[in-house]
Structure formats: structure tokens, C-alpha cells
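What follows is a short report on a single structure.
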Amino acid sequence: MMSIKDLASLTGYSVATISRVINDSPKVSEKTRREVMDAIRATGYYPNYVGRNLRRAETKKLLILVPTTENTFYGDVLRGAEARANQSGYQVLIGMTQNDADIERRFVEMLQSRQVDGLVFANTSLDKYDINRIADSFPVVLLAHCIDGAAASSVSIDNRQAAFDATNHLIAGGRSSIALISGSYYKAPSIDREIGYAQALREAGIAMRPDYLLRTNFDFSSGYQCCKKLMALPDPPTAIFCIADSIAIGAIKYLYEIGREQDVAVIGFDNVPESEYFFRGITTVNQPKYQLGETCIELLLEKIEDVHSEIRQIVLPHSLVLRGSTSCLSAP
């Protein structure tokens, strides 16, 4: 195992300098700090650091990393998390990662240097190897997704089944030309939702069309542009499954502009507040957002109590909320 002496030999700095970096001393230059932290991340030294019980006093602060604050999905999630944290005397800090793994790693340093007691990753850009190195000795939880092979507790819905249910609803309503507007980030849930969509088509004997699958950002304008591309095809879809309500809003706006909103069925995902009030209402997959937030904190508190406690993967129920955007479907 890597020791602090090994790290000193590797970097060329003294043990005392390494210790100052770890303890966030102001006496260390930014260049030295950066080089030492790069070596720590590369070697996985921090697990040994924690293993020797060099732990500071509790901060009573928890850090939740979200890709963006613009997605209203996170509003109810964070409210649930904050309420549960407050019950146990903790404060919640929010970090915005902009879907950038390097930004996430810098936030992780707050956990490693004991500026916070635990960390929640909401739709992380890190891979299972990064997560496993951190989770081996620090309290972390995955929120709203799980990563195959990641040894970390998580809370989410069954994204594959939810996407299957949404796609199957379109099929049951008589549609066979079904497009999917997926995401270019939030990799784990996006992939699972694509798998659920493909499974529903396959079980219905409907061939997947590559030109019916687009990947984009999770915002209104991206949904608008993707819908525009789909409707320009020689054989445009008669139904569109969007893996986020923000994408669905943009898609419906374009359909309205070309006069097709009454005959192209659209389903979104998340059941954010806008989905109820936009246009005639968006049919969408509901995630229990407040409960997701509460549960992620409960799991994190378990890991703070014992970082080697049982890894739990909690799957909460989802539901399909029917609204006007699929009113053109025939009755199943």
C-alpha cells in the first residue's frame, strides 16, 4: 500500500510538505498543492490516510454535487435531502459540476480534506473506478442513478423499466414509428433508458431505426432542434419519447409551430412542475423526487457512521402520469 513516505519519494516533496497539503495548510504554494493532489489521485493514497484514522472532527456538513441548477428536477430532490439532513443536525452544501469530471474531482478534494463529512453524486460523470477509489474509504452515495460495478450505495428508480413502460404506452396506443431523444451526458440513466426503449420495441416486433435515436443536451432548445431533425425525415415518427421533460417541452414547441402537436404523441421523463402546465400538459414518467433526496441522505448517514457498512442499492417506484401530449393515442 502507498504510504506518505512513498508519496514523498514519488513527488520529490518532504513528508512534512505532503502533510501540509493534506491538511490544507496556507503555507503551501498552489503549484505544490496541485502536484501533490494529482499524485494523491493517481496513486489512491487517501484510503491509507483514512485507514490510519487521521480524521478531523465532524463538520456536520454534507455536499451534494449536481450537474446543473437549471434543471428543476433537482429542486424537490434537494428539498427532501435538506429536510432529512436537518433532522440529523447536518447542513447541505450544493456544488454544480457542469457535467465536468475534473470539476467533480476538485469537489471530491473537499471530502478528502475533511471539509465535509459526506458526498452525494447526482448523475456523476466519474466512472466506476473513480467512484470505487473514493467510496472505499469515504462516505459517498449515488443519487438518481447507479453505475454497474460501482461499490457505492445508491438510490434511484428502475430507469430501464420506466423507459420500457413509457415506450410500451406509445405502442399500446397504436404507434410503431417511435423516436427517442436521449441524452449526451448523465451517462448511466441515459443508457438505461435507451435499453428500456429498445426492449419495448423488440418485444413488440418493431425494428429500431438509427435515424430515430438522437442524443442531445437536457434543455428546451436541444429538444426543439432534435424534433426539427426528426420531423424533416422522409418518414417522420408519429411518437417521440424524450428522456427528460425539458427535452419534451422543446419538442412540443416545434410540433406546435408546424401544426403537428395534435397528431404526434410525446412522452417526457421526471414530472417536473413545468410538465403539468406546459401546453396541454406533458405525459411523463414520475420520479419520487423528494423521497430520492431523503433516501440519499439516509444512506449517506449510514456511511458516515461506518464507511464499510453494507452497500445498499435502493430502487424507488416510478409511475406514468398521463396528460394531453399523448391524448392523440388510441385506447389500448
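- Side-chain heavy atoms closer than 4.5 Å link hydrophobic residues (I, L, V, M, F, W, Y) into clusters, and following such links, possibly through other members, connects F278 to I258.
- When the shell of 6.0 Å around CD of E30 is examined, it contains more than 12 heavy atoms from other residues, nucleotides or ligands.
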Candidate pair Q313 and V155, rule side-chain contact (heavy atoms from CB on, under 4.5 Å), full reasoning:
CA-CA 6 Å; Q313 295 181 335; V155 55; over 6 Å; no

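- Shown here for T238 and R175, the closest heavy-atom pair between the two residues is O-NH1, 2.6 Å.
- Annotation: side chain of V266 is in contact with side chain of L255 (closest heavy-atom distance under 4.5 Å).
- Considering all non-hydrogen atoms of both residues, L63 and I94 come closest at CD1-C, 4.2 Å.
- Side-chain polar atoms of T124 and E104 form a donor-acceptor pair below 3.5 angstrom.
- A side-chain donor-acceptor contact under 3.5 Å links S14 to the backbone of T17.
- Two residues are said to be in side-chain contact when any heavy atoms from C-beta on lie closer than 4.5 Å; F121 and L143 fail this criterion.
- The backbone N or O of D306 sits less than 3.5 Å from a side-chain atom of S309, completing a donor-acceptor pair.
- Taking CG of N217 as the reference point, atom SG of C226 lies at 9.0 Å (rounded to 0.5 Å).
- For the residue pair N86/E82, the side-chain donor-acceptor check at 3.5 Å is not satisfied.
- The distance from the OG atom of S156 to the CG atom of N159 is 6.0 Å, given to the nearest 0.5 Å.
- In this structure the side chain of Q98 never reaches within 4.5 angstrom of the side chain of T68, judged on heavy atoms.
- A 4.5 Å side-chain heavy-atom check between L316 and L292 finds at least one atom pair inside the cut-off.
- In this structure a side-chain-to-backbone donor-acceptor pair under 3.5 Å is present from T295 to Q291.
- Aromatic ring pairs are classed by plane angle as parallel below 30°, tilted from 30° to 60° and perpendicular above 60°; the pair F241 and F269 is tilted.
- A continuous path of ILVMFWY side-chain contacts below 4.5 Å connects I206 to Y212, so both sit in one hydrophobic cluster.
- Between the side chain of N132 and the main chain of A151, a donor-acceptor pair closer than 3.5 Å is present.
- Side chain of R193 to main chain of I243: a donor-acceptor pair is present (N/O by atom type, distance under 3.5 Å, no hydrogens or angles).
- If you take CG on D100 and CZ on R105, they are separated by 8.5 Å, rounding to the nearest 0.5 Å.
- Minimum interatomic distance between K128 and D148 (heavy atoms only, all atoms of both residues): CD-O, 3.4 Å.
- No chain of hydrophobic side-chain contacts below 4.5 Å, direct or via other Ile, Leu, Val, Met, Phe, Trp or Tyr residues, connects M96 to V120.
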Report the C-alpha distance between H308 and D136 in whole Å, list the side-chain angles of each, state the deciding distance to 0.1 Å, and finish with yes or no for side-chain hydrogen bond (donor to acceptor under 3.5 Å, both in side chains).
CA-CA 8 Å; H308 297 299; D136 184 57; 5.0 Å; no

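- With rounding to the nearest 0.5 Å, the separation of CG in D245 from CD1 in I267 is 11.0 Å.
- Atom CZ of R209 has more than 12 heavy atoms from other residues, nucleotides or ligands within 6.0 Å.
- No donor-acceptor pair under 3.5 Å is formed between the side chain of K229 and the backbone N or O of D211.
- S190 places a side-chain heavy atom less than 4.5 Å from the side chain of F218.
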Stepwise, does the side-chain contact (heavy atoms from CB on, under 4.5 Å) test hold for I247 with S222?
CA-CA 7 Å; I247 296 174; S222 297; 5.6 Å; no

Tell me, with the steps shown, if E257 and Y224 meet side-chain hydrogen bond (donor to acceptor under 3.5 Å, both in side chains).
CA-CA 10 Å; E257 289 182 1; Y224 181 99; 2.4 Å; yes

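- Closest approach of A122 and P67 over heavy atoms only: O-CD, 3.4 Å.
- Donor-acceptor pairing under 3.5 Å is recorded for the side chains of H318 and D165.
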Please test Y13 against E35 for side-chain hydrogen bond (donor to acceptor under 3.5 Å, both in side chains), starting from the C-alpha separation and ending with a verdict.
CA-CA 10 Å; Y13 292 110; E35 290 179 353; 2.5 Å; yes

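- Ring to ring, Y197 and F164 are not that close: their centroids are 6.0 angstrom or more apart.
- Side-chain atoms of S29 and R33 form no donor-acceptor pair, as typed in the model, at a separation below 3.5 Å.
- Side-chain contact between I147 and D127: absent, with no pair of heavy atoms (C-beta onward) separated by less than 4.5 Å.
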Between I311 and K303, does a side-chain contact (heavy atoms from CB on, under 4.5 Å) hold up when you go through it step by step?
CA-CA 9 Å; I311 294 172; K303 287 296 178 180; 3.9 Å; yes

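- For the residue pair N123 and P189, the shortest heavy atom distance occurs at OD1-CG, 3.3 Å.
- In this structure, L201 CG and I171 CD1 are separated by 5.0 Å, a value rounded to the nearest 0.5 Å.
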Derivation of the side-chain hydrogen bond (donor to acceptor under 3.5 Å, both in side chains) call for S125 and N99
CA-CA 6 Å; S125 297; N99 309 297; 5.0 Å; no

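- Nearest heavy-atom pair, A83 versus Y290, reported as atom, atom and distance to 0.1 Å: CB-OH, 3.3 Å.
- You'll find the side chain of L93 stays beyond 4.5 Å of the side chain of L62, heavy atoms only.
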Between M37 and R106, does a side-chain contact (heavy atoms from CB on, under 4.5 Å) hold up when you go through it step by step?
CA-CA 10 Å; M37 291 306 298; R106 289 198 288 274; over 6 Å; no

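- The main-chain N or O of N271 is never found under 3.5 Å from a side-chain atom of N286 such that the two would form a donor-acceptor pair.
- A donor-acceptor pair under 3.5 Å links the side-chain atoms of S153 to the main chain of R312, judged by distance alone.
- Taken together through direct or relayed side-chain contacts under 4.5 Å among Ile, Leu, Val, Met, Phe, Trp and Tyr, L65 and Y129 form parts of separate hydrophobic clusters.
- A salt bridge between R79 and E294 is absent, with no side-chain N of the basic residue lying under 4.0 Å from a carboxylate O of the acidic one.
- Each of I181, L170, I252, L180 was scored for a side-chain contact (heavy atoms from CB on, under 4.5 Å) with I240, with one residue passing: I181.
- Summarising the geometry, atom CZ belonging to R280 is positioned 4.5 Å from atom CD belonging to Q262; distances are rounded to the nearest 0.5 Å.
- A donor-acceptor contact shorter than 3.5 Å is absent between the side chain of S246 and the backbone of F220.
- A donor-acceptor contact closer than 3.5 angstrom is absent between the side chains of S9 and D6.
- Both M231 and I178 belong to a common hydrophobic cluster when Ile, Leu, Val, Met, Phe, Trp and Tyr are linked at side-chain heavy-atom distances under 4.5 angstrom.
- Without hydrogens or angle criteria, T326 side chain to A265 main chain gives no donor-acceptor distance under 3.5 Å.
- Side-chain contact between V66 and T97 is absent, with no heavy atoms from C-beta onward closer than 4.5 Å.
- For the residue pair D117 / T59, a side-chain donor-acceptor distance below 3.5 Å is found, with atom types taken as modelled.
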